[in-house]
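This report refers to the structure that appears directly beneath it.
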Amino acid sequence: METRASRQRTVAIIGEAALFDGDRRLALAEETGRLVVDAGFVLISGGMGGVMDAASRGGLSSERGHPGSVVGVLPVFDPDAGNSRLGLA
């Protein structure tokens, strides 16, 4: 039986989906996503653009990043609607 201590730890990042290139929040989200995965957590986001895409990009850029380290909980039924960095949608 799985115990609470054996479950994968997760951190969720949700934020603005519609940001312009160069918005400093994108860089902050990317760095945060990388740090989350570096620390051994699975990153969960809304899976779409903006902050969530930047955090996903950062998570995958981590030395510990792999497709299962970035998960999207999408607001739609189509898993292909999520950003391209999601390992699971």
Side-chain angles (χ1 to χ4, degrees):
M1 182 167 117
E2 184 178 13
T3 65
R4 183 174 282 190
S6 67
R7 293 182 195 157
Q8 180 65 49
R9 300 178 308 162
T10 60
V11 170
I13 297 178
I14 305 294
E16 180 67 44
L19 295 175
F20 294 105
D21 288 343
D23 189 306
R24 72 181 198 94
R25 293 173 288 181
L26 295 173
L28 292 171
E30 185 170 349
E31 177 69 5
T32 301
R34 186 186 62 74
L35 292 171
V36 164
V37 175
D38 281 351
F41 292 87
V42 169
L43 173 66
I44 298 175
S45 78
M48 301 303 274
V51 165
M52 296 165 287
D53 183 47
S56 298
R57 182 173 48 249
L60 282 182
S61 74
S62 166
E63 290 182 12
R64 298 179 77 172
H66 57 85
S69 63
V70 180
V71 176
V73 180
L74 302 176
V76 296
F77 292 111
D78 181 7
D80 292 329
N83 71 59
S84 63
R85 293 152 182 68
L86 301 176
L88 180 63

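- Under a hydrophobic-cluster definition in which Ile, Leu, Val, Met, Phe, Trp and Tyr are linked whenever side-chain heavy atoms come within less than 4.5 Å, directly or via other members, V70 and V76 are assigned to the same cluster.
- L60 and M52 fall within the same hydrophobic cluster, where Ile, Leu, Val, Met, Phe, Trp and Tyr residues are linked whenever their side-chain heavy atoms come under 4.5 Å apart, directly or through other members.
- Between M48 and P75, the closest side-chain pair of non-hydrogen atoms falls below 4.5 Å.
- Side-chain contact between L86 and L74: present, with at least one pair of heavy atoms (C-beta onward) separated by less than 4.5 Å.
- Here V73 pairs with I44 under the side-chain contact (heavy atoms from CB on, under 4.5 Å) rule; sequence neighbours left out.
- Atom-to-atom distance recorded for L26:CG and D21:CG is 7.0 Å, nearest 0.5 angstrom.
- In this structure, I13 is a member of the same hydrophobic cluster as V37, with clusters built from ILVMFWY side-chain heavy atoms closer than 4.5 Å.
- Across all non-hydrogen atoms, the minimal contact from N83 to S56 is ND2-OG, 3.5 Å.
- In this structure D78 satisfies the side-chain contact (heavy atoms from CB on, under 4.5 Å) test together with D80, A81, sequence neighbours excluded.
- Annotation: the span from D53 atom CG to S84 atom OG amounts to 6.0 Å, rounded to 0.5 Å.
- Connection of F41 to V51 is established within a shared hydrophobic cluster, with ILVMFWY side chains joined at heavy-atom distances below 4.5 Å, either directly or through further cluster members.
- Counting only residues at least two apart or in different chains, side chain to side chain donor-acceptor pair (under 3.5 Å) contacts with residues 25-38 comprise D23-R25, E30-R57, E31-R34, R34-D38, D38-S62.
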